[in-house]
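Note sheet for the following structure.
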There are 2 protein chains.
Amino acid sequence: MILTPEALAGMEKHYRANFVNSLSGFKSANLIGTISDKGVTNLALFSSVIHVGANPPLMGMLFRPVSVARHTYENIKAAGQFTINHVHSSIYKRAHQTSARYPDGVSEFTECGLTPEYTDAVKAPYVKEAQVKIGLSFEEEKHILANDTIFLIGRIEEILLPDNSILEDGVLDIESAGTIAISSLNSYHTTGLLGRLPYAKPDKPLKD
Amino acid sequence: MILTPEALAGMEKHYRANFVNSLSGFKSANLIGTISDKGVTNLALFSSVIHVGANPPLMGMLFRPVSVARHTYENIKAAGQFTINHVHSSIYKRAHQTSARYPDGVSEFTECGLTPEYTDAVKAPYVKEAQVKIGLSFEEEKHILANDTIFLIGRIEEILLPDNSILEDGVLDIESAGTIAISSLNSYHTTGLLGRLPYAKPDKPLKD
């Protein structure tokens, strides 16, 4: 089956959003924690967080147009800090619920049954119930002209994670930590390890 | 367990790369197909492809510093087109093998046992063995100053997918198509559906 841009343009808006959001493959499931200059905490589910670099340690994520209310973006720009918290299978419904449009002055932490947690190093709230949590400072942002979105980059300031979750070679075992994946806009998936492969070399081809 | 930026800085280089690459959560597994101006095809595994927008239909991905040989990036800039092909469990070892450093003039398609496939709409090669394949045109790029990487955005020109793989609400069932996820730099994961949740509303809280 082949779909053209014209076929996409002809789709109903929500149908198209579900479809095109499926095309990148599996996505990370993260709760972004922030606090406003008035002290109101905010929690928002993002599926666009990606690795940007290991040294310096950087992560990036995409923000939709700033023309609509974007508490997370505004809080990051005002406070300069935010947290990224992995969604795991025991909190995924509460995590999804943070995407409801709550009014100004209302915290998703309270409404969705999640608990803010603070450290000395980062002003923004972590999610106490999460297993893997990263505190970051705002580093850089890029305005994408094609659809008025923003790719925002943060620098890692602190990492909270379960004891004994780092494997011998430095890999963090996020599957054992319960971290889940998202597809499209509303589908949540657990994972099963298929394989861990060695560093690929031209003279040692791997066959399926 | 808490890790500081100093702890990260003190890690051995490969250990740190494995660790920090784990922190964003699960990642998409995609093969990017391109062709050079000399007609040499190229195939490269990317774990940074994300959804950028549904209308216009846009996808983005991160490229490491251009100072080292970056055939994929150079081919996209020269030809203006590229393909994104979902990695599934039957081809994941061959997909991983494309990350080996093959010399100029050698195609990863040939070396890794994958087959180029062309359509009239897109000049770049698709992966015949893939189930979900997207053809794109170069749209925009952003230079990230913090670590000299590039966030590149493509516009969707064509989508090839299995018949009957789109669910009633537009969601593409990538799990049934065999699409897999990546964690860190070398771990591959199949998925299992945990749940599909309704559009979140403030007055209809979801509890775990």
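Fair warning: this is a prediction, and the values are worked out from it, not measured in the lab. Chain letters run A, B, ... following the sequence lines, proteins first and then strands; every chain starts at 1.
- Contacts between Pro103(A) and chain B at a heavy-atom distance below 4.5 Å are absent for every atom of the residue.
- With a threshold of 4.5 angstrom between heavy atoms, Tyr188(A) approaches chain B through its backbone and through its side chain.
- The two residues Pro116(B) and Pro125(B) make their nearest non-hydrogen contact at CB-CB, 3.9 Å.
- Taking chain B as the reference chain and counting heavy-atom pairs below 4.5 Å, the highest number among Ser165(A), Gly170(A), Ala121(A) is found for Gly170(A).
- Under a 4.0 Å N-O distance rule, the pair Arg196(A)/Asp169(A) qualifies as a salt bridge.
- For Ile156(A), the parts sitting under 4.5 Å from any heavy atom of chain B are the backbone and the side chain alike.
- Between the side chains of Glu129(B) and Thr115(B), at least one donor N or O sits under 3.5 Å from an acceptor N or O.
- Contact annotation for Ser22(B): both backbone and side-chain heavy atoms come within less than 4.5 Å of a heavy atom of chain A.
- In this structure, chain B has no heavy atom under 4.5 Å from any part of Leu185(A).
- Chain B forms the most heavy-atom pairs under 4.5 Å with one residue out of Val49(A), Asn186(A), Asn55(A), and that residue is Asn186(A).
- Taking chain B as the reference chain and counting heavy-atom pairs below 4.5 Å, the highest number among Thr179(A), Ile180(A), Ile144(A) is found for Ile144(A).
- For the options Thr98(B), Thr4(B), Ile134(B), heavy-atom pairs under 4.5 Å to chain A are most numerous at Ile134(B).
- At a 4.5 Å heavy-atom cutoff, the contact between Pro5(B) and chain A is made by backbone and side-chain atoms alike.
- For the pair Ser187(A)/Leu193(B), a side-chain contact is recorded, criterion being any heavy-atom separation below 4.5 Å from C-beta on.
- There is a side-chain donor-acceptor pair under 3.5 Å between Lys27(A) and Asn21(A).
- Interface remark: Lys13(B) contributes no atoms to any contact with chain A (heavy atom separation under 4.5 Å).
- When each of Gly25(B), Ser24(B), Ala54(B) is checked for heavy-atom pairs under 4.5 Å with chain A, Ser24(B) comes out on top.
- The aromatic ring centroids of Phe63(B) and Phe46(B) lie less than 6.0 Å from each other.
- Among Val20(A), Leu8(A), Ile84(A), Leu58(A), the residue with the largest count of heavy-atom pairs under 4.5 Å with chain B is Val20(A).
- For Thr190(A), the parts lying near chain B are the backbone and the side chain together; criterion is any non-hydrogen pair under 4.5 Å.
- The greatest number of non-hydrogen atom pairs below 4.5 Å with chain A, out of Ile153(B), Asp173(B), Val132(B), Thr149(B), is found for Ile153(B).
- Between chain A and the options Gly192(B), Ser184(B), Ser28(B), the largest number of non-hydrogen pairs under 4.5 Å is found for Gly192(B).
- Of the two parts of Gln97(A), the backbone and the side chain both hold a non-hydrogen atom closer than 4.5 Å to a non-hydrogen atom of chain B.
- The shortest side-chain heavy-atom distance between His189(A) and Ser183(A) falls under the 4.5 Å cut-off.
- Salt bridge Lys133(B)/Glu158(B): absent, no basic N to carboxylate O contact under 4.0 Å.
- Ranked by heavy-atom pairs shorter than 4.5 Å toward chain A, the options Phe26(B), Tyr199(B), Phe151(B), Phe19(B) are led by Phe26(B).
- Between Glu12(A) and His14(A), the side chains place a donor N or O and an acceptor N or O closer than 3.5 Å (distance only, hydrogens not considered).
- A side chain to side chain donor-acceptor pair (under 3.5 Å) with Glu108(B) is found for exactly one of Asn42(B), Thr41(B), Thr72(B), namely Asn42(B).
- Your options are Glu6(B), Glu157(B), Lys142(B), His96(B), and the one with the most heavy-atom pairs under 4.5 Å with chain A is His96(B).
- Both tests pass for Lys77(B) against the ring of Phe138(B): distance under 6.0 Å to the centre and angle within 45° of the axis.
- Looking at heavy atoms from C-beta onward, Asp104(B) lies in side-chain contact with His71(B) at the 4.5 angstrom threshold.
- In this structure, the portions of Leu23(B) lying under 4.5 Å from any heavy atom of chain A include both its backbone and its side chain.
- With a 4.5 Å cut-off on non-hydrogen atoms, Leu160(A) touches chain B through its backbone and its side chain both.
- Residue contact with chain B, scored on non-hydrogen atoms closer than 4.5 Å, involves the backbone and the side chain of Val52(A) alike.
- Contact count versus chain B (heavy atoms, under 4.5 Å) is highest, among Glu168(A), Arg16(A), His143(A), for Arg16(A).
- Considering every non-hydrogen atom in both Glu140(B) and Ala146(A), the closest pair reads OE1-N, 2.9 Å.
- Phe109(B) places none of its side-chain heavy atoms less than 4.5 Å from the side chain of Val40(B).
- Residue contact with chain B, scored on non-hydrogen atoms closer than 4.5 Å, involves the backbone and the side chain of Ile2(A) alike.
- Contacts between Ile166(A) and chain B at a heavy-atom distance below 4.5 Å involve the side chain alone, from C-beta outward.
- Neither the backbone nor the side chain of Ile182(A) comes within less than 4.5 Å of any heavy atom in chain B.
- Remark: the Glu141(B) side chain and the Tyr73(B) side chain contain an N/O donor-acceptor pair separated by less than 3.5 Å.
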